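The shown structure was predicted, so the numbers you read here are calculated from the model rather than taken from an experiment. Indexing begins at 1, ligand by ligand and atom by atom, following the structure's order.
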Amino acid sequence: MKNIINVGQFSKEELLQICDAADYYKTHQSKVLIDKTVTCLFYQPSTRTFVSFIAAAQNLGANVIPIQGVEYSSVAKGESFEDTIKTLSLYSDCIVLRHPEVGAAQRAAEVSEVPIINAGDGIGEHPTQALLDLYTIRTEKKQIDGLHVAFVGDIKHSRTIHSLAKVLSLYDVKMSFVGPEELSCEKFMSEFPNSEYHEDIGAVIDKADVIYMTRVQKEYHEPNVGMKLDTFGRTKTYDYKITKELMVKAKSNMILMHPLPRLQEIPVELDKDPRSVYFKQVKNGLFVREALLLKVLGKDDE
Ligand code: ASP
């Protein structure tokens with residue numbers, strides 16, 4: 001596998017292999033990337049994806065070039081995206097890229113001398129998050145087939161939903177999309193015939209096996225991406241959330257997920273609920289990203 005651009009490129013067999021490899025790296029250490037250099041180039045804010053890729057690369061013995069703040073690079077002098085990628089690919093064996101534009105990872109792959117890993121391209125996809133989400137569901141629920149997964153929040157702009165729903169469509173999974181109508185997306189939801197849309201979380205709370213919360217992706221809610229402003233000219237606020245009361249109605253073995261960062265949609269008091277697995281997702285990201293780095297660098301059979 002040369003690049004990781006979107007989840008559509010993975011077969012079920014490969015997803016299984018990645019999950020098995022992540023399981024292995026949970027308990028084993030190996031410095032097989034000792035002669036490799038991984039560049040993490042982030043044009044958008046990140047905590048977990050940026051740091052876990054760095055930690056994963058270092059755990060495997062790789063050198064890391066971390067670039068988070070392109071305003072200090074020649075991008076600020078007007079250098080093109082393509083020239084930036086081309087240049088960094090001459091110093092690295094792999095580039096992990098986050099960028100605000102849909103399709104940026106594919107553009108990068110076209111000029112790069114080395115593999116590109118898409119760490120989020122605007123409202124497009126976030127494939128490595130989807131794989132760690134899948135891994136978390138598998139670890140917590142033991143199987144994927146037969147589950148009812150409810151995606152809640154900003155369906156339209158959440159790249160994590162876009163990627164995970166595509167991955168789950170390879171399985172026998174029922175999907176519900178839940179959230180304010182303005183944040184829903186008919187075109188996207190229609191890709192999943194076995195899915196339904198609800199405005200109110202109450203419609204799925206006692207049925208879902210997995211509830212996947214997301215924050216409002218405010219950074220994309222500008223008039224130029226089609227969002228309406230309220231009568232004061234401000235971006236509208238939305239206050240959907242999962243509460244203690246709703247958790248009482250949920251299944252006792254439901255799992256509550258979130259790619260993080262969270263805002264108001266999951267109160268801190270729910271962190272102690274054994275069904276809350278969002279910090280387990282954070283930890284799992286490390287093992288899954290180790291597995292993915294080994295895959296793109298051709299070391300996954302070592
Ligand atoms: N961290 C995730 C992302 O980069 C989710 C989010 O930002 O809301 O897409």
Side-chain angles (χ1 to χ4, degrees), residues 4-7 40-56 66-70 95-106 108 116-137 149-168 177-180 182-185 188 210-222 225 227 235-242 256-268 276-286 288-289 292:
I4 297 179
I5 306 295
N6 56 57
V7 289
C40 292
L41 174 63
F42 277 51
Y43 286 74
Q44 279 187 307
S46 172
T47 300
R48 281 150 290 271
T49 308
F50 187 69
V51 174
S52 66
F53 261 115
I54 291 173
I67 306 173
Q68 194 181 30
V70 288
I95 297 175
V96 180
L97 173 72
R98 171 167 291 186
H99 195 278
E101 281 166 32
V102 176
Q106 181 55 42
I116 297 289
I117 299 181
N118 181 3
D121 61 338
I123 64 167
E125 282 222 24
H126 196 342
T128 70
Q129 175 75 40
L131 296 180
L132 78 87
D133 292 338
L134 181 77
Y135 176 73
T136 304
I137 298 173
V149 179
F151 293 101
V152 183
D154 195 342
I155 313 293
K156 188 172 186 174
H157 304 101
S158 288
R159 57 193 173 199
T160 60
I161 294 182
H162 300 165
S163 288
L164 182 57
K166 285 179 194 156
V167 166
L168 292 177
F177 297 103
V178 182
E182 278 166 282
L183 303 183
S184 71
C185 181
F188 168 70
V210 177
I211 297 183
Y212 191 96
M213 302 296 291
T214 54
R215 74 181 168 91
V216 176
Q217 309 280 306
K218 244 190 8 223
E219 61 272 42
Y220 301 111
H221 290 206
E222 298 302 327
V225 290
M227 286 303 301
T235 306
K236 247 184 109 169
T237 55
Y238 300 91
D239 64 354
Y240 59 83
K241 62 157 76 77
I242 185 126
L256 180 62
M257 300 179 69
H258 196 306
L260 303 178
R262 68 174 146 187
L263 302 176
Q264 91 313 333
E265 60 281 350
I266 301 183
V268 174
S276 298
V277 301
Y278 28 91
F279 286 107
K280 288 187 184 172
Q281 285 170 264
V282 172
K283 187 75 191 191
N284 289 339
L286 185 62
V288 170
R289 287 174 174 133
L292 292 174

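When every heavy atom of C40 is checked against every heavy atom of F53, the shortest pair comes out as SG-CB, 4.0 Å. Considering every non-hydrogen atom in both V216 and Y240, the closest pair reads N-OH, 3.4 Å. Residues H99 and R159 come closest through the heavy atom pair O-NH1, 4.4 Å. The shortest non-hydrogen separation linking R262 to V268 is NH1-CA, 3.8 Å.
Taking 4.0 Å as the cut-off, S158 does not count as a neighbour of ligand 1 on heavy-atom distance. Using a 4.0 angstrom heavy-atom cutoff, T160 counts as in contact with ligand 1.
Contacts with ligand 1 closer than 4.0 Å are made by no heavy atom of Q129, backbone or side chain.
In summary, the atoms of ligand 1 found under 4.0 Å from a heavy atom of L260, numbered by their order in the structure, are 1 (N), 2 (C), 5 (C), 6 (C). Taking a cut-off of under 4.0 Å to the non-hydrogen atoms of H126, the atoms of ligand 1 that pass are 3 (C), 4 (O), 9 (O). Residue-ligand proximity, R98 to ligand 1, at heavy-atom distances under 4.0 Å covers atoms 4 (O). Numbered from 1 in the order shown, with element, the atoms of ligand 1 that lie under 4.0 Å from a heavy atom of Q217 read 6 (C), 8 (O). Atoms of ligand 1 lying under 4.0 Å from at least one heavy atom of R215, given by number and element, are 6 (C), 7 (O), 8 (O).
Between F177 and F188, the ring-plane angle classifies as perpendicular under the 30° and 60° cut-offs.
Of the residues V152, I242, V210, the one that meets the side chain to side chain contact (heavy atoms under 4.5 Å, CB included) test with L256 is I242.
The closest protein non-hydrogen atom to atom 9 (O) of ligand 1 is R159 NE, 2.8 Å.
Side-chain contact annotation: H126 with R98, donor-acceptor N/O pair under 3.5 Å present.
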